[in-house]
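Working notes, structure below.
Throughout, numbering of the chain's residues begins at 1 and tracks the sequence.
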Amino acid sequence: YIYHYTKADVALDFILKNSNLRLSKFNATNDPKESKDWFFIPGTNEGRCLDKYTPDYLSKKMNPDLKEKTSLICFTKDKILSGNHLEDMPLRGFCKPRMWAQYAGNHSGVCLIFDESLFSKFFHEQFNDKTYSCRDVIYCDRKISDVAMEQAFIVNVDHLERRGDDYVFDHLMKFQNRLFFEKASDWSSEDEYRFVIFDCLEQLYFNYKTSLKGIVFGENCSNDMIREIVQSTKMLGLQYQKLSWRNCAPWLDFARDFRF
């Protein structure tokens, strides 16, 4: 499964109402590595004059196409599970307290559970005419000295002059893992899995169809909101659970009755 945390009103009024997920622009994430402009420098293997290719010029040329034309949906996943329900609870994708606090209205929201295989199938069917990638995020800390001369942030001016405006897409495809699927280790608890669409300016929405399988309600989600969400989705055959915390340990409120 893959898991998506969100506020309860967003789930009710948009995601569940429209049966779709909005893809966010890459430069609208909460990670400064992704939201802030990247700094590029020029390079040549053919002795070209680099005077006009200043870092400011290259950054202004590269960043709009790399960031504004890239959209994504982000999820979390389970850690490796043993099959023992008691042992596995803290490892489940819906049991991440910081993500409940940060993305789901301080535990008042929901965590949507999707079948990864079905979700991927429907995603491909809808967006097979676009360039996209989906995979786990890798977590890595880098020092400023490490990235000063890193290839991902060096524009090959030889190739740029031959390819013109098409160069940015070539650069993106060559370094997509480094640029779009790597985050600092401080984010590692999110165990992120993302779907990323490149080279597309339009606002995209994905119809997840029957891949939604369950909804977990945060401990602070109100009874009124739970009732509204269950009533709006009761024909979908979903499973519902409410998460609770007992002495810092996550557990499901199995006694909860979701029949309204």
Side-chain angles (χ1 to χ4, degrees), residues 1-22 24 30 73-120 122 136-137 187-195 205-260:
Y1 295 102
I2 51 178
Y3 307 88
H4 185 76
Y5 288 84
T6 188
K7 295 178 179 178
D9 58 339
V10 173
L12 179 65
D13 296 336
F14 299 99
I15 298 175
L16 299 172
K17 179 181 178 180
N18 301 319
S19 296
N20 65 31
L21 288 165
R22 182 176 65 87
S24 299
N30 59 354
I73 317 176
C74 304
F75 300 86
T76 186
K77 300 178 75 174
D78 297 324
K79 294 184 183 294
I80 297 175
L81 304 177
S82 68
N84 183 313
H85 189 58
L86 288 172
E87 297 289 335
D88 288 342
M89 274 299 290
L91 307 178
R92 299 305 303 268
F94 55 80
C95 290
K96 295 180 177 291
R98 187 189 58 75
M99 295 188 73
W100 277 108
Q102 186 168 346
Y103 302 116
N106 199 24
H107 300 264
S108 67
V110 300
C111 180
L112 305 175
I113 304 176
F114 294 92
D115 181 304
E116 181 185 350
S117 179
L118 277 177
F119 192 100
S120 298
F122 297 146
D136 295 319
V137 168
W187 300 95
S188 61
S189 63
E190 294 192 353
D191 298 304
E192 186 178 342
Y193 188 87
R194 52 175 47 173
F195 291 76
Y205 294 85
F206 168 60
N207 184 347
Y208 52 77
K209 299 182 180 178
T210 58
S211 63
L212 179 64
K213 297 302 180 184
I215 301 175
V216 178
F217 299 97
E219 185 170 36
N220 297 333
C221 192
S222 71
N223 289 331
D224 288 343
M225 181 59 75
I226 292 173
R227 182 183 298 107
E228 284 193 71
I229 289 177
V230 171
Q231 288 179 339
S232 71
T233 59
K234 61 185 178 181
M235 302 302 293
L236 301 179
L238 305 179
Q239 291 189 3
Y240 306 100
Q241 287 289 354
K242 189 171 191 290
L243 196 66
S244 61
W245 297 85
R246 183 177 301 173
N247 297 340
C248 304
W251 194 243
L252 297 174
D253 185 0
F254 290 108
R256 177 87 192 200
D257 187 355
F258 291 98
R259 293 173 297 179
F260 294 104

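- Partners of N84 by side chain to side chain donor-acceptor pair (under 3.5 Å), not counting sequence neighbours: none found.
- No side-chain donor-acceptor contact under 3.5 Å links N207 to the backbone of N20.
- Taking 4.5 Å as the limit, every side-chain heavy atom of I113 sits out of range of all side-chain heavy atoms of Q239.
- Side-chain atoms of Y208 and H4, non-hydrogen and from C-beta on, never get closer than 4.5 Å to each other.
- Between T6 and V110, some side-chain heavy-atom pair lies under the 4.5 Å cut-off.
- For L243 against M89, the heavy-atom pair with the smallest separation is CD1-CE, 4.4 Å.
- Residue R98 places its CZ atom among more than 12 non-hydrogen atoms of other residues, nucleotides or ligands, all under 6.0 Å distant.
- Side-chain atoms of K213 and L118, non-hydrogen and from C-beta on, do get closer than 4.5 Å to each other.
- Within a 6.0 Å radius of CZ in F122, other residues, nucleotides and ligands contribute more than 12 heavy atoms.
- Remark: L238 CG to L112 CG distance equals 9.5 Å, nearest 0.5 Å.
- Here OH of Y193 is found 5.0 Å from OG of S120. Values are rounded to the nearest 0.5 Å.
- Expressed to the nearest 0.5 Å, how far NE2 of H107 lies from OH of Y5 amounts to 9.5 Å.
- For W100 (side chain) and G109 (main-chain N/O), no donor-acceptor pair under 3.5 Å exists by modelled atom type.
- Heavy-atom minimum distance, A8 versus S108: CB-O, 3.7 Å.
- Summarising the geometry, atom CD1 belonging to I215 is positioned 5.0 Å from atom CG belonging to L16; distances are rounded to the nearest 0.5 Å.
- Looking at residues two or more places apart in sequence or on another chain, you find no side chain to side chain donor-acceptor pair (under 3.5 Å) involving K77.
- Using a distance-only test at 3.5 Å, with no hydrogens or angles considered, no donor-acceptor pair links the side chain of D115 to the main chain of S211.
- Listed by chain and number, the residues in a side chain to side chain donor-acceptor pair (under 3.5 Å) with R259 are D257 (sequence neighbours excluded).
- The 12-atom threshold is not exceeded at NZ of K7, counting heavy atoms of other residues, nucleotides or ligands nearer than 6.0 Å.
- Using cut-offs of 30° and 60° for the angle between ring planes, the F258 and Y240 rings count as tilted.
- A side-chain donor-acceptor contact under 3.5 Å links S232 to the backbone of I229.
- Side-chain N or O atoms of T76 include none that pairs as donor or acceptor with a backbone N or O of Y3 at under 3.5 Å.
- Atoms CE and CG, on M99 and D191 in that order, are 8.5 Å from each other to the nearest 0.5 Å.
- One N or O on the side chain of K242 and one on the backbone of E219 form a donor-acceptor pair closer than 3.5 Å.
- The shortest distance between side-chain heavy atoms of I15 and V10 falls below 4.5 Å.
- Partner of F206 under the ring-ring contact (aromatic ring centres under 6.0 Å, His included) criterion, chosen from F75, F119, F195: F119.
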Checking side chain to side chain contact (heavy atoms under 4.5 Å, CB included) for the pair V137/E190: CA distance, chi angles, key distance, verdict?
CA-CA 9 Å; V137 168; E190 294 192 353; over 6 Å; no

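- Atom OG of S244 and atom CG of D253 lie 5.5 Å apart (nearest 0.5 Å).
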